[in-house]
Amino acid sequence: MSRRVSGLRAWLLQRLSAVYMAIFLLYFFIVLAMGSVNHYAAWRDWLLQPVMSVAVMIFFAALLLHAWVGMRDILIDYIKPVMIRLSLMSLVVIMLVAMGFWVLRIMLVAA
Amino acid sequence: MAGNSTRPVFLNLLHIHLPVMGVLSIIHRLTGVLLFAAIPVVIYLLALSLAGSAEFSCLLEFFDHDLVHVFMIFFIWGLAHHFFAGLRYFMIDLDIGVNRKQGRLSAWVVFALGFITMLIGVFTLL
């Protein structure tokens with residue numbers, strides 16, 4: 001399972017997701033700072049508008065993938081016993097997948 | 001591999017002297033784990049913010065509390081540090097700042113940038 005997200009692939013995933021998140025967050029914080037979305041209607045319209053909605057979902061996909069690569073590195077470095085490491089990795093995967101579907105649900109139900 | 005090697009183990013944190021890049025590296029990891037733990041919280045806040053105008057108002061009030069501000073400042077500090085440390089690693093991947101002197105300097109720059117971002121956060125929230 002780990003071989004799918006190892007080596008060059010993991011490295012690339014981590015960097016690409018980081019770049020996307022940086023650009024998204026920059027845009028996000030600028031809009032927040034402008035104060036134009038400080039009431040419910042404006043906030044909702046902004047986030048649920050088609051392009052932004054997809055951008056948000058991609059942000060979370062990037063975040064979860066980025067987190068997976070990072071957490072996997074940590075588990076590989078510090079947890080030597082194979083079964084414990086495997087169990088913790090599975091736990092992390094389940095949590096990340098759950099987070100992903102949770103975001104999907106939020107964005108799609110609210111729309 | 002197991003635990004039967006005769007190599008000495010030295011884990012006395014009070015006596016280990018990591019170079020600044022080493023400290024940066026472990027903090028990068030630590031902030032990563034903390035940010036990971038924060039993900040469900042962030043998603044929950046997103047859900048709340050979209051749930052209804054009453055929930056949205058509640059959220060704005062929530063973000064006005066001093067204790068919440070403290071958490072937000074630590075979060076901003078963690079995120080900024082993780083981001084700038086990551087940026088430094090990205091540059092090292094591109095062969096920028098690889099030698100030891102540059103590495104040490106860029107590590108201090110990362111600490112400074114993280115701290116400054118945290119201060120900006122403090123001034124914005126107060």
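Below, read A as the first sequence line, B as the second, and so on, with proteins coming before strands; counting in each chain starts at 1.
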Novice: At a heavy-atom separation under 4.5 Å, does B:His82 approach chain A through its side chain, its backbone, both, or neither?
Specialist: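 For B:His82, the contact with chain A is made by the side chain alone.
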Novice: Given heavy-atom pairs under 4.5 angstrom as the criterion, report whether the side chain, backbone, both or neither of A:Val82 touches chain B.
Specialist: neither
Novice: Counting only heavy atoms not in B:Phe115, do more than 12 fall under 6.0 Å of its CZ?
Specialist: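 Open.
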Novice: Flag the one option from B:Tyr44, B:Tyr89, B:Phe56 with the top tally of heavy-atom pairs under 4.5 Å to chain A.
Specialist: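 Looking at each of B:Tyr44, B:Tyr89, B:Phe56 in turn, B:Phe56 comes out on top.
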Novice: In the single-linkage hydrophobic clustering (I, L, V, M, F, W, Y; side-chain heavy atoms under 4.5 Å), do A:Tyr20 and B:Phe90 co-cluster?
Specialist: no
Novice: Hey, are the side chains of B:Arg29 and A:Asp77 touching, using non-hydrogen atoms and a 4.5 Å cut-off?
Specialist: yes
Novice: Would you mind writing out the side-chain donor-acceptor pairs for residues 11-19 of chain A within the sub-3.5 Å range, not counting sequence neighbours?
Specialist:
{"residue": "A:Trp11", "atom": "NE1", "partner": "B:Asp93", "partner atom": "OD2", "Å": "3.1"}
{"residue": "A:Arg15", "atom": "NE", "partner": "B:Asp93", "partner atom": "OD2", "Å": "2.7"}
{"residue": "A:Arg15", "atom": "NH2", "partner": "B:Asp93", "partner atom": "OD2", "Å": "2.6"}
{"residue": "A:Ser17", "atom": "OG", "partner": "A:Leu13", "partner atom": "O", "Å": "2.8"}
{"residue": "A:Ser17", "atom": "OG", "partner": "A:Gln14", "partner atom": "O", "Å": "3.0"}
{"residue": "A:Ser17", "atom": "OG", "partner": "A:His66", "partner atom": "ND1", "Å": "3.1"}

Novice: What pair of heavy atoms forms the shortest contact from A:Tyr40 to B:Leu50, and how long is it?
Specialist: OH-O, 2.9 Å
Novice: Can you find a pair of side-chain heavy atoms, one from B:Phe36 and one from A:Met95, that are under 4.5 Å apart?
Specialist: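 In short, these two side chains touch, coming nearer than 4.5 Å.
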Novice: Can you tell me if B:Phe123 has over 12 outside heavy atoms packed within less than 6.0 Å of its CZ?
Specialist: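 12 or below, so no.
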Novice: Less than 4.5 Å to any heavy atom of chain B: does that hold for the side chain of A:Met107, its backbone, both, or neither?
Specialist: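 Answer is side chain: those atoms of A:Met107 sit under 4.5 Å from chain B.
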Novice: Would A:Leu63 and B:Val42 count as a side chain to side chain contact (heavy atoms under 4.5 Å, CB included) here? Give the steps.
Specialist: CA-CA 12 Å; A:Leu63 177 62; B:Val42 169; over 6 Å; no
Novice: Restricting to non-hydrogen atoms, name the atom on A:Leu47 and the atom on B:Leu46 that form the minimum distance, rounded to 0.1 Å.
Specialist: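 In terms of heavy atoms, the two residues are closest at CD1-CD1, 3.6 Å.
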Novice: Determine, using the 4.5 Å side-chain heavy-atom cutoff (strictly less than), whether B:Ile39 and A:Leu25 are members of one ILVMFWY cluster.
Specialist: yes
Novice: Please go through B:Phe71's hydrophobic cluster and name the other residues, only I, L, V, M, F, W, Y counting, with side-chain heavy atoms under 4.5 Å joining them.
Specialist: B:Leu67
Novice: Go through B:Ser49, B:Gly32, B:Ala54, B:Ala51 and name the one with the most non-hydrogen pairs under 4.5 angstrom from chain A.
Specialist: B:Ser49
Novice: Just do the side chain to side chain contact (heavy atoms under 4.5 Å, CB included) check on A:Met71 and B:Val33 with the steps written out, would you?
Specialist: CA-CA 7 Å; A:Met71 290 305 289; B:Val33 175; 4.3 Å; yes
Novice: Using the rule that two of Ile, Leu, Val, Met, Phe, Trp, Tyr join whenever any of their side-chain heavy atoms come within less than 4.5 Å, decide whether B:Leu24 and B:Phe74 are in one cluster.
Specialist: yes
Novice: Going by heavy atoms in the side chains, are A:Phe60 and B:Ile43 under 4.5 Å from each other?
Specialist: yes
Novice: Using heavy-atom distances under 4.5 Å, tell me whether A:Asp73 contacts chain B through its side chain, its backbone, both, or neither.
Specialist: both
Novice: For B:His65, is the NE2 atom crowded, meaning more than 12 foreign heavy atoms sit under 6.0 Å from it?
Specialist: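 Incorrect, the count does not exceed 12.
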Novice: Tell me, out of B:Ser57, B:Ser53, B:Gly86, who's got the most heavy-atom pairs with chain A below 4.5 Å.
Specialist: B:Ser53
Novice: Report whether B:Ile120 and B:Leu125 are members of the same hydrophobic cluster (ILVMFWY, side-chain heavy atoms less than 4.5 Å apart, transitive linking).
Specialist: no
